[in-house]
K.L.:
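Please find one structure pasted underneath; my questions will follow.
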There are 2 protein chains.
Amino acid sequence: MNTIEVFLESKKVRPTAMRMLVYKYMTQSNVAKTLGDIENAFTKADRTTLYRTLKTFEEKGIVHQVDDGTGTIKYALCEAGCNCDIDRDLHLHFHCSNCRETICLTEHKIPQINLPDGYVAEDMNLVVKGICEHCSGQ
Amino acid sequence: MNTIEVFLESKKVRPTAMRMLVYKYMTQSNVAKTLGDIENAFTKADRTTLYRTLKTFEEKGIVHQVDDGTGTIKYALCEAGCNCDIDRDLHLHFHCSNCRETICLTEHKIPQINLPDGYVAEDMNLVVKGICEHCSGQ
DNA sequence: CAATAAATGCACTTCTATTGCATGGCTACT
DNA sequence: AGTAGCCATGCAATAGAAGTGCATTTATTG
Ligand SMILES: [Mn+2]
Ligand SMILES: [Mn+2]
Ligand SMILES: [Zn+2]
Ligand SMILES: [Zn+2]
């Protein structure tokens, strides 16, 4: 029983070999990954299985989708204690137009937005595009 | 010379029949439209022509794309005097999960976001999802 | 009017998301 | 241990939208 196995079971996800590999892969970098990225990271991986793995992870609160405006959905690990709650957990995402990577800025929560009367907010997405720390040569 | 014709020429866009129709259609509602929406609004319209029409409109500052996270790009008219400037013009978009419509809240600019050192912002997208004024029964 | 440039229409490609269905493997229960 | 049933996997196929190539039509210019 390694820690990944324990973690997945704590999230009510059966720790199959592929699921453990995907989870481990996601922990190894802090940038959001597309399905294609993950597929390419393994030589022998079926796209559908990965698709459903990510879907399961999302349903069980292990990952969240990141829509960075590139047209392909990305996935990133949720923080410990995250419930993808609109007030507590939603954070800024940054997409670098140079290296094309997207990272979670989990420390930067989405500021309070006031809406016109009658509008009810349920979810939110804030993406900033530009040049990342790495590419701006800092 | 009607007003649409004059307007398009002022934007350096040749006022063809289709372009005038599309522009007129866009002015008739304040919700963002997909290519498909526009295609369906006319009985005899070619998707490619519309696609390129919208692209031209975008390049000439007549419309802006709206990425509301549904997976299909939408288009909405720019305000008078809009330059799609990151500080002055970028505004909030609201997507209603009930009626599935997306509207520009042009009065609601995106608040100042502070980024970690080394990050440079060039563009931004803020979408709020929830229930719109109309659907919340106000 | 002829030459040129721009806009349009059709067909096709590409890319990603998503589903149906058959098979393999694990679990729970006897 | 044996077996029924559920869950995960893999393959194939579909759906949906974006984008491109090229031929044709329409507009502009001299
Ligand atoms: Mn994130
Ligand atoms: Mn808008
Ligand atoms: Zn970068
Ligand atoms: Zn609505």
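Computation of the quantities below employed the complete heavy-atom set of this structure, encompassing side-chain atoms and omitting hydrogens, waters and symmetry-equivalent molecules. Every chain is numbered from 1, with letters handed out A, B, ... down the list of sequences.
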K.L.:
Between dA7(C) atom C1' and Leu8(B) atom CG, what is the distance in whole Å?
P.N.:
14 Å
K.L.:
Under the ring-ring contact (aromatic ring centres under 6.0 Å, His included) rule, what do His95(A) and His93(A) come out as? Steps first, then yes or no, please.
P.N.:
CA-CA 7 Å; His95(A) 176 72; His93(A) 290 118; over 10 Å; no
K.L.:
Should the pair Lys129(A)-Glu122(B) be classified as a salt bridge under the 4.0 Å nitrogen-to-oxygen rule?
P.N.:
no
K.L.:
Checking all strands, does Arg47(B) fall into the base, sugar-phosphate, or nothing category for heavy-atom contacts under 4.0 angstrom?
P.N.:
base
K.L.:
dG19(D), dG10(D), dA17(C): which one has an atom nearest the side-chain heavy atoms of Tyr51(B)?
P.N.:
dG19(D)
K.L.:
With a 3.5 Å cut-off and no angle check, do the side chains of Thr34(B) and Lys74(B) form a donor-acceptor pair?
P.N.:
no
K.L.:
Which is more 5' along DNA chain D, the nucleotide nearest Thr72(B) or the one nearest Arg52(B)? Just name the residue.
P.N.:
Thr72(B)
K.L.:
Counting side-chain heavy atoms from C-beta on, which of dA7(C), dT20(D), dG10(D) comes nearest to Lys44(A)?
P.N.:
dG10(D)
K.L.:
Expressed in angstrom and rounded to an integer, what is the separation of Met20(A) atom CE from dA8(D) atom P?
P.N.:
13 Å
K.L.:
Of the nucleotides dA17(C), dA7(C), dT9(D), which has the atom closest to the Leu35(A) side chain?
P.N.:
dA17(C)
K.L.:
Take Ile73(B) and Val13(A), find for each the nucleotide of DNA chain D with the closest heavy atom, and name the residue whose nucleotide sits nearer the 5' end.
P.N.:
Val13(A)
K.L.:
Let's see if you can work this out: which of dG21(D), dT9(D), dT27(C) has an atom nearest to the side-chain heavy atoms of Thr16(A)?
P.N.:
dT9(D)
K.L.:
Roughly how many Å is it from CD in Glu39(B) to C1' in dG16(D), rounded to a whole number?
P.N.:
12 Å
K.L.:
Just how far, in rounded Å, is P of dA6(C) from NZ of Lys12(B)?
P.N.:
15 Å
K.L.:
Whole angstroms only, please: what is the CE-P distance between Met18(A) and dC26(C)?
P.N.:
16 Å
K.L.:
Under 4.0 Å from OP1 or OP2 of dA27(D): is there any side-chain N or O of Arg14(B) that close?
P.N.:
no
K.L.:
Starting from P on dA8(D), measure out to CG on Leu21(A) and report it in whole angstrom.
P.N.:
16 Å
K.L.:
Does Ser136(A) reach the main-chain N or O of Gly118(B) with its side chain, forming a donor-acceptor pair under 3.5 Å?
P.N.:
yes
K.L.:
At what distance, to the nearest 0.5 angstrom, does NE2 of His134(A) lie from CG of Asn98(A)?
P.N.:
10.5 Å
K.L.:
Could you give the CG-to-C1' distance, from Leu50(A) to dA17(C), as a whole number of Å?
P.N.:
14 Å
K.L.:
What is the separation between atom CG on Asp68(B) and atom P on dA17(D), rounded to the nearest whole Å?
P.N.:
13 Å
K.L.:
Looking only at side-chain atoms of Asp46(A), point me to the closest of dT19(C), dT20(D), dC11(D).
P.N.:
dC11(D)
